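Worksheet: one structure, shown below.
Remember, predicted model here, so these are calculated numbers, not experimental data.
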Amino acid sequence: MCSIMGYCGSSATLDQFQEGFKKTISRGPDASKIIDTGKGLLGFHRLAIMGLHPEGMQPFELDGSFAVCNGELYGFQTQREELRKRGYTFVSESDCEILLPMYREYGVEMFQMLDAEFACILFDGKTKEYIAARDPIGIRPLYYGYDKEGTIIFASEAKNLVGLTKKIMPFPPGHYCKDGRFICYCDITRVEHVCHDDLETICKNIHDKLVAGVEKRLVADAKVGFLLSGGLDSSLVCAIAARRSKEPIRTFAIGMCGDAIDLKYAKQTADYIGSQHTEVIISAEEVLGALEEVIALLGTYDITTIRASIGMYLVCRAIHKKTNIRVLLTGEISDELFGYKYTDFAPSAKAFQEESEKRIRELHMYDVLRADRCISVNSLEARVPFGDLDFVKYVMAIDPKKKQNSYGKGKYLLRHAFEGDYLPHEILYREKAAFSDAVGHSMVDYLKEYANDRYTDEEFEKKRRAYHNPAPFTKESLLYREIFETYYPGQAEMVVGYWMPNKDWEGCNVEDPSARVLSNYGDSGK
């Protein structure tokens with residue numbers, strides 16, 4: 001990961017900018033640079049992944065125009081060669097160096113041409129205006145706000161903007177901002193033509209597109225590792241990568257010292273694919289000790305996100321301290337495409353598809369946010385194969401009747417697509433366990449107990465009324481909200497609400513986001 005920031009007007013002061021920008025130096029500890037464009041400031045903290053030499057340092061410049069980008073532009077070599085034919089020269093191996101030549105050639109149409117996970121800020125030296133953009137899923141973070149003079153400020157994380165702007169908001173994925181207007185260049189959930197192919201054709205395409213998504217994310221000039229929970233999604237990513245790697249891949253799993261559900265499945269997968277596997281064992285003390293730090297780095301009060309982030313943060317911290325790995329591949333975004341435990345309750349195929357669309361649009365505030373912050377705060381880069389744009393567009397277009405669980409097994413299309421010798425059958429067809437639960441049921445229980453001991457019933461009722469948009473509804477949610485407000489006062493609107501099953505569906509009107517409370521959880525946690 002890297003960190004970018006742009007104060008897009010003459011009201012910027014260097015001291016204020018530096019104060020905000022230094023808060024995310026862990027995203028890019030290799031080098032830092034701030035420049036004055038003549039009409040504001042641009043900053044870049046570098047984590048060197050592609051093009052490790054000094055020439056790859058940003059901001060890039062082209063005839064008075066500047067660019068900073070936190071991103072990976074897949075297949076950039078082809079675009080670079082095309083730009084060379086048009087007379088452009090390049091001084092580094094950095095993928096992001098192509099952005100300014102592309103902008104000169106194609107203008108804002110360039111964003112539709114990128115196969116990338118990215119957030120960028122460009123300064124046009126001719127028009128003296130700023131353009132910012134973010135990838136269609138929001139895998140790379142970007143926030144914005146306005147100062148007292150009405151000048152817009154962009155930054156990788158909300159913490160950069162605390163104190164600089166009254167209201168901090170997430171930059172909408174799939175949009176660019178130009179002349180103060182946010183314009184959608186790609187709605188990744190929009191389906192123009194529904195795919196009615198037969199089951200085997202669909203599964204072959206799922207297979208081929210996911211394999212391609214993993215392969216392109218293995219390309220890096222820095223060391224690559226893999227988070228392996230033992231669940232279907234991360235196991236598939238690891239299995240595909242293991243087949244494509246000349247040497248054993250490195251996998252990492254985490255679990256509570258007493259009841260870690262997934263550790264045994266992660267080891268079974270690691271043994272099967274021949275990875276160099278590491279287990280990180282954590283205690284209740286470590287979980288509770290990390291809680292406030294995790295909420296501060298996340299910038300959320302959402303229960304599900306916080307629970308799941310504690311384990312991910314601690315395993316990434318161990319990777320950062322004990323290895324030279326710089327890139328981690330993860331299994332996020334599969335659930336939003338193929339379904340959760342609760343989408344088994346979808347009353348119709350149309351409802352299933354609408355829920356998938358909603359979750360994909362909001363992902364940047366939940367699971368994608370979790371992966372980015374837990375990984376980047378430990379000076380690592382997250383890559384998300386299930387978020388490959390071609391893969392997402394294809395799965396979103398599949399007839400939702402085929403994606404619904406009418407097979408007696410959730411995510412059947414994905415499982416069937418990889419039948420064979422990728423994974424042991426019991427891993428490929430294992431029931432899903434929520435990440436936070438799979439780290440150990442006791443982890444969630446410890447957090448609930450800690451919150452319950454913190455407030456009497458009377459204190460809870462009194463304190464929760466102080467908060468709205470949304471209001472805390474359990475002692476655990478109140479605890480998280482109070483910690484959030486300490487670091488991000490008055491910024492609750494950065495998140496649309498609590499990630500919960502769709503309460504309008506029969507069987508989903510629950511008061512806890514864990515799949516454990518659903519009637520169809522079955523053997524998921526065993």
Quick one: OH on Tyr185 to CG on Leu114, what's the gap to the nearest 0.5 Å?
7.0 Å
Looking at CZ of Arg80 and OG1 of Thr89, how far apart are the two atoms once the value is rounded to the nearest 0.5 Å?
12.0 Å
Check ion pair Lys503-Glu511 (N to O, under 4.0 angstrom):
yes
Rounded distance (nearest 0.5 Å) linking atom CG of Leu328 with atom CD1 of Ile319
4.5 Å
My understanding is that only one of Phe66, Tyr130, Tyr103 makes a side-chain contact (heavy atoms from CB on, under 4.5 Å) with Asp124; could you say which?
Tyr103
Lys/Arg N to Asp/Glu carboxylate O, Asp367 vs Arg359, below 4.0 Å
no
Has Arg217 got its NZ or CZ under 6.0 Å from the middle of the six-membered ring of Tyr74, at an angle within 45 degrees of the ring axis?
yes
Kindly compute the distance separating CG (Leu329) from CD1 (Ile375), expressed to the nearest 0.5 Å.
9.0 Å
Output, in order, the C-alpha distance, side-chain angles, deciding distance and verdict of ring pair (Phe, Tyr, Trp, His ring centres under 6.0 Å) for His45 and Phe21.
CA-CA 9 Å; His45 293 312; Phe21 194 41; 3.7 Å; yes
I want to check a possible cation-pi pair here: Lys209 against Tyr394, using under 6.0 Å from ring centre and within 45° of the ring axis as the test.
yes
Carboxylate-amine/guanidinium proximity below 4.0 Å for Arg454 and Glu459
no
Between Asp302 and Arg370, is the closest basic N to carboxylate O distance under 4.0 Å?
no
Electrostatic pair Glu381-Arg383, nearest N-O below 4.0 angstrom:
yes
Would you say the side-chain atoms of Tyr313 and Glu293 include a donor-acceptor pair closer than 3.5 Å?
yes
How long is the span from the OG1 atom in Thr300 to the OH atom in Tyr498, to the nearest 0.5 Å?
9.0 Å
Between Glu81 and Arg84, is there a side-chain N and carboxylate O pair less than 4.0 Å apart?
yes
Tyr176 versus Arg134: any side-chain heavy-atom pair under 4.5 Å?
no
Hey, are Asp63 and Arg104 close enough for a salt bridge, meaning a charged N less than 4.0 Å from a carboxylate O?
yes
Do Glu354 and Lys358 sit within salt-bridge range, that is, some charged N less than 4.0 Å from a carboxylate O?
no
Quick one: sort the Tyr342 and Trp499 rings into parallel, tilted or perpendicular, breaks at 30° and 60°.
perpendicular
Is it the case that Thr151 and Glu149 place a side-chain donor and acceptor less than 3.5 Å from each other?
no
Both conditions, 6.0 Å and 45 degrees, for the charged tip of Arg481 above the ring of Tyr301: are they met here?
yes
Atom NZ of Lys128 and atom SG of Cys8: how far apart are they, to the nearest 0.5 Å?
14.0 Å
Check Lys448 with Asp512, please: is the shortest side-chain N to carboxylate O separation under 4.0 Å?
yes
Can you confirm whether Glu93 is buried at CD, in the sense that more than 12 heavy atoms of other residues, nucleotides or ligands lie under 6.0 Å from that atom?
no
Given the rule in the side chain to side chain donor-acceptor pair (under 3.5 Å) test, do Asn378 and Arg317 qualify, once you have shown the distances and angles that lead to the verdict?
CA-CA 6 Å; Asn378 288 295; Arg317 187 177 70 179; 6.0 Å; no
